Amino acid sequence: MDLLEYQGKQLLRSVGVPTPEGEAAATPEEARVAAERIGFPVAIKAQVQVGGRGKAGGIKVAANADEAEAHAAAILGMDIKGHVVRRLWVEEAADIAAEFYASFTIDRSAKRYLGMVSAEGGVEIEEVAARDPEAIAKVGVNPLVGLKDNAARALAFRGRIPAEHRKQVIAVLQKLYAAFVELDAELVEVNPLIANSRGEIVALDAKVTLDDNAEYRHKQVFEDFHEVFAVDPQEKLAKEKNLNYIKLQGEVGILGNGAGLVMSTLDVVAQAGGKAANFLDVGGGASADLIADSLEVVAGDPQVRSIFINIFGGITRGEEVAKGIVAALDRVEISQPIVVRLDGTNAEEGREILAGNPREGLHSSPTMLEAAAKAVELADAAG
Amino acid sequence: MDLLEYQGKQLLRSVGVPTPEGEAAATPEEARVAAERIGFPVAIKAQVQVGGRGKAGGIKVAANADEAEAHAAAILGMDIKGHVVRRLWVEEAADIAAEFYASFTIDRSAKRYLGMVSAEGGVEIEEVAARDPEAIAKVGVNPLVGLKDNAARALAFRGRIPAEHRKQVIAVLQKLYAAFVELDAELVEVNPLIANSRGEIVALDAKVTLDDNAEYRHKQVFEDFHEVFAVDPQEKLAKEKNLNYIKLQGEVGILGNGAGLVMSTLDVVAQAGGKAANFLDVGGGASADLIADSLEVVAGDPQVRSIFINIFGGITRGEEVAKGIVAALDRVEISQPIVVRLDGTNAEEGREILAGNPREGLHSSPTMLEAAAKAVELADAAG
Amino acid sequence: MAIYVDETTKVVVSGLTGREGQFHALRNRAYGTQVVAGVTPGKGGQDVEGIPVFDTIAEAVEVTGANTSMVFVPAPFAADACFEAADSGVELIVCITEGIPARDEAELYQYLRLRDIAMIGPNCPGVLSPGKANVGIMPTEIAAPGRVGLVSRSGTLTYQIVHELTQRGIGQSTCVGIGGDPFIGQFHIDVLRRFEADPETDMVVMVGEIGGDEEERAAEFIRDSMTKAVVGYVAGFEAPPGKKMGHAGAIISGSKGTAQAKAEALEAAGAKVGRNPTEVAEIVAGM
Amino acid sequence: MAIYVDETTKVVVSGLTGREGQFHALRNRAYGTQVVAGVTPGKGGQDVEGIPVFDTIAEAVEVTGANTSMVFVPAPFAADACFEAADSGVELIVCITEGIPARDEAELYQYLRLRDIAMIGPNCPGVLSPGKANVGIMPTEIAAPGRVGLVSRSGTLTYQIVHELTQRGIGQSTCVGIGGDPFIGQFHIDVLRRFEADPETDMVVMVGEIGGDEEERAAEFIRDSMTKAVVGYVAGFEAPPGKKMGHAGAIISGSKGTAQAKAEALEAAGAKVGRNPTEVAEIVAGM
């Protein structure tokens with residue numbers, strides 16, 4: 001789960017990382033009240049799960065209450081790289097003496113964690129990496145050993161943190177690492193980590209991604225922060241039904257079992273000249289109900305002009321899939337044509353059920369490639 | 001540092017291990033007051049750094065205040081295997097349904113930690129090991145990984161903890177392990193760990209040894225618990241002067257540099273027909289002052305009839321040693337004859353200093369073996 | 001003799017008394033695999049259709065001589081079961097469980113290195129050596145004994161390719177589903193190394209997907225150290241960056257981990273790469 | 001060529017700017033050892049009598065090509081310096097520091113196994129290959145080049161024996177002080193293995209003391225795997241049980257770890273055992 005800036009900051013503050021005073025706001029009026037409580041100048045910051053909001057005009061400083069309200073009104077509703085701003089973070093404007101970068105993340109290649117620090121903060125770290133890779137310290141952390149003092153020091157020294165800030169930066173790094181581990185985070189990134197004019201080190205931004213697999217260990221945190229961020233109503237619906245669904249830009253709706261097979265299905269649809277409208281993996285051993293729910297989600301997307309159901313039975317059984325399709329067609333009006341490819345466990349039984357329940361627009365195809373071609377053809381015809 | 005029972009229990013209680021209510025007492029009157037506060041029946045328990053106090057009569061149950069005072073009077077001052085009882089622990093008498101054994105310690109052979117659990121508690125674990133080794137579960141714990149749930153479970157299952165107590169015992173094991181690690185303990189042993197009639201698991205005894213090397217990490221704990229337990233006045237004096245001194249039973253006082261060399265010195269004295277009165281390692285790079293302090297401690301032991309100073313200079317320099325000897329002889333009256341063997345760094349200079357300050361009873365010997373023989377001969381002559 | 005599992009494999013199943021564990025363990029046994037023990041703490045002494053259940057894996061190993069652990073317990077307890085297996089004396093762990101937190105897997109990965117024990121998974125369909133043993137959840141009907149090795153991150157995608165191979169009369173030596181998580185015990189490269197050394201394997205099909213750089217590393221290994229032919233396939237050309245495509249590990253981070261880059265790396269290493277499962281089978285059939 | 005340290009050894013000293021570190025590093029250099037760098041965080045860019053100081057060991061290794069770390073920092077920071085050294089690219093760590101908590105050493109021991117790096121110590125006098133290199137605090141005047149290897153837990157006791165050997169005209173290939181703590185990086189057995197393989201060593205003197213069972217394990221190794229003669233010595237026959245004799249590791253626990261048992265194990269393994277340092281030297285001289 002990608003947290004919003006203010007959510008990440010709340011977590012960091014709870015482990016002792018200094019962050020500026022701030023309050024969340026959802027309306028210009030709330031922003032005004034928050035700003036008055038905090039005192040001026042304040043920064044009004046768009047809360048979106050995407051970088052680059054500063055350049056997009058999503059951060060503005062207000063010198064008084066009227067300005068705060070006006071900025072809030074301007075930022076709320078703004079579209080930043082496809083993310084609509086629905087929430088603001090109002091915080092005391094920072095007094096920046098120096099801007100650094102610090103993060104901990106998972107290093108898949110090295111099979112451990114990775115700490116990164118740079119004295120060049122406040123800009124995208126990829127830019128720094130491109131311009132001067134030596135300006136970024138990278139230190140691997142063995143998960144069994146943790147962030148030893150020497151590793152925290154190495155990050156500060158090699159990241160060229162100035163001597164006068166080094167000690168406090170090292171202390172903050174240790175807290176960030178502790179938060180990274182204790183929260184089961186996949187990413188904890190602070191950019192910029194600033195030194196203010198009093199020499200204090202403060203996290204001025206925070207990007208925290210939590211590991212969804214670890215939700216059971218952090219029920220409260222997930223509950224507190226779980227808002228349906230999805231812009232897309234289909235993604236929202238899928239989330240409610242616990243489906244593994246991702247909205248894409250094409251017109252062929254996809255439903256399959258197994259992440260690899262579904263990815264492969266998107267690819268063969270593209271090879272057949274179409275574009276997938278979504279990724280939807282029903283997982284292993286899907287029931288008829290789950291199949292019906294899934295079909296409803298896919299069909300509800302107005303962009304979808306045909307639907308390709310691609311199932312290779314293993315734990316998932318063909319007759320359950322077929323029953324789910326029939327049940328969904330009974331339950332809701334599905335206007336798009338459907339192509340079904342069933343193989344593997346009990347595929348024969350499944351095909352028989354479908355053959356026994358003929359519907360207009362419900363097609364069967366014996367192979368994945370033929371099914372893809374058919375689905376694309378039907379989508380084109382409906383276009 | 002070996003903690004007393006009640007000290008260990010205080011630490012275990014602080015990490016959430018249930019222990020009986022109790023109070024320390026140093027006089028029969030204090031014991032009476034404590035007993036009245038706790039309520040009867042109470043157990044009056046001798047606090048000594050040695051096992052087997054139960055058999056020696058160091059634990060008694062009192063049904064009323066008079067009994068409590070009488071038992072306390074009887075136990076205080078008792079000599080248990082050379083340890084004089086100077087402190088009592090008064091605690092609510094236990095209601096024992098079952099007695100188990102649990103410990104965590106350092107396993108030198110396997111280079112990791114070792115957990116041990118047995119359903120046969122309340123007797124010395126060595127007895128159980130001799131009678132039925134299978135009754136003791138032993139599980140190694142990698143320090144980088146910690147006590148995983150499966151290891152705690154394995155201890156409970158293989159230690160034959162009855163099913164009805166297993167879950168709580170596992171929970172206590174996890175707390176004991178956490179205490180073992182967080183306190184930098186060398187040993188945390190609970191024997192017996194009891195189940196009371198309400199099915200609660202309670203630590204009825206506690207043997208905790210802390211790692212002296214880790215004192216700097218637990219300043220408060222060491223300060224709270226650091227009482228001079230030493231029975232021997234020489235050990236007490238040595239502790240005050242920060243010397244590495246152990247009292248032994250012989251008549252030849254020993255002073256050397258380096259633990260291995262001092263152990264070897266005890267051995268050659270025995271080979272020469274004598275017995276060492278102590279182990280004293282002045283360590284590396286000893287100053288004249290330290291040598292003088294050490295000599296004072298050794299000479300102050302009334303059992304000592306001759307003193308053998310055995311120095312092989314490395315970091316320690318011969319002239320410093322010689323100066324220390326001369327200074328000590330100036331500072332205090334030393335009645336025993338002294339044999340000095342100096343070798344290694346600046347031994348020549350040292351020998352010259354000694355030769356330049358001749359004293360009655362101060363002898364030099366060129367080799368360790370000759371010096372040992374001489375020291376034994378002098379001790380015998382003085383005997 | 002086959003890689004990872006064969007006739008000598010003796011499986012102890014953590015979570016045998018659970019619904020999933022029981023279902024698949026019995027299927028594995030029905031296929032001829034020696035499923036010798038189950039483990040469920042507190043249920044020691046029971047049995048599941050004749051398979052004895054123990055409280056700990058170590059006890060199961062001691063009594064039954066099990067040499068392979070298969071883990072079916074729910075995610076919150078699965079990493080612990082793998083740690084337990086690592087200390088129990090087995091040589092191989094096959095962890096089917098999906099949804100284990102990355103932190104647990106990261107620690108487990110490093111611990112297994114310390115113990116020098118191979119683990120397949122987590123979040124994988126297991127290993128099938130057709131005609132010899134099946135440890136996991138792969139459907140066996142679609143496979144046939146033969147001399148093509150297969151390694152894949154994905155389950156059903158693997159079945160699809162196995163199915164297409166078998167339909168063309170091409171049997172498999174061993175099919176290995178290594179799992180879709182970022183931290184898994186055996187990566188493509190580890191499996192390729194075993195196939196290269198396996199006298200019963202002539203050719204290898206390697207199925208990758210977006211995310212990480214393991215396919216690129218495997219490509220290096222293919223170029224430098226493999227004498228046997230490799231046919232590659234990579235899923236996820238259409239996957240958008242920054243989205244996890246079902247598998248925790250299937251995510252393009254920035255411009256890293258794309259299917260395009262992986263397919264190109266494999267081709268540059270001399271592997272033929274099919275554009276879809278059918279083409280993969282056709283390439284193998286043509287070799 | 002000698003074991004652990006020789007002419008090719010390039011030492012980076014953690015704690016070079018401290019009193020002890022500076023004194024011994026300069027002595028080591030005066031003996032001819034290549035002391036190429038020091039490390040003190042925050043003092044990077046300075047130098048100690050021409051030896052450049054860096055902020056981190058990794059940087060020192062990168063710039064100077066150091067292959068051996070010598071650690072002289074105070075106990076609260078010493079284990080961390082060893083962890084740092086383990087990640088820095090050196091092949092050998094010599095940790096002189098005394099008084100490191102056992103927990104830190106236990107974790108360090110397991111981590112070094114994972115990294116496959118050799119560590120001498122902690123709480124040791126270091127390693128001396130007479131005429132080639134000295135890394136540590138051993139006095140070099142008492143040693144002479146030769147073909148007898150020496151391994152010992154103790155400092156001054158080692159010097160005593162080296163001294164007695166040299167006085168009898170017997171030189172040493174390498175003298176290794178492995179340290180007196182319960183968790184040390186290299187135990188007797190590790191050093192014996194290297195001496196057995198070292199073409200410049202003909203015979204080995206092994207000095208043990210009470211505590212643990214490493215001497216017993218070494219005895220097994222001597223019996224099973226050593227072709228070279230071993231002369232043994234064990235200190236602590238007079239040590240009472242339950243008391244730490246100066247070294248954190250020198251303690252008889254119950255009836256375990258006695259000098260008697262260790263000496264007997266060595267003799268049973270075919271080693272001649274001297275009763276005191278002088279007798280050890282005499283036995284070697286007579287062989």
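Every value quoted in this text rests on a predicted model; they were computed, and no experiment measured them.
Heavy-atom contacts from other residues, nucleotides or ligands closer than 6.0 Å to CZ of D/R19 number 12 or fewer. Counted within 6.0 Å of CD on A/E134, heavy atoms from surrounding residues, nucleotides or ligands total 12 or fewer; the atom is thus considered open. For D/D224, the CG atom sits in a packed shell: over 12 heavy atoms of surrounding residues, nucleotides or ligands are nearer than 6.0 Å. Counting non-hydrogen atoms of other residues, nucleotides and ligands closer than 6.0 Å to CD of D/E216 gives a total above 12.
Listed by sequence position, the residues of residues 210-221 of chain A in contact with chain D number zero, using a 4.5 angstrom heavy-atom cutoff. When the heavy atoms of residues 162-179 of chain A are compared with those of chain D, the residues falling under 4.5 Å are A/R166, listed by number. Proximity to chain D among residues 147-155 of chain A is limited to A/K148, A/D149, A/N150, A/R153, A/A154, judged by heavy-atom separations below 4.5 angstrom.
The contact between D/L114 and chain A is made entirely by side chain atoms (from C-beta outward), counting heavy-atom distances below 4.5 Å. If you measure heavy-atom distances from D/A79 to chain A, you find no contacts under 4.5 Å at all. If you measure heavy-atom distances from D/E84 to chain A, the contacts under 4.5 Å come from both the backbone and the side chain. Only the side chain of D/Y111 comes within contact range of chain A, with heavy atoms under 4.5 Å apart.
For A/E23, the side-chain contact (heavy atoms from CB on, under 4.5 Å) criterion is met by A/A34, A/R37, A/I38, not counting sequence neighbours.
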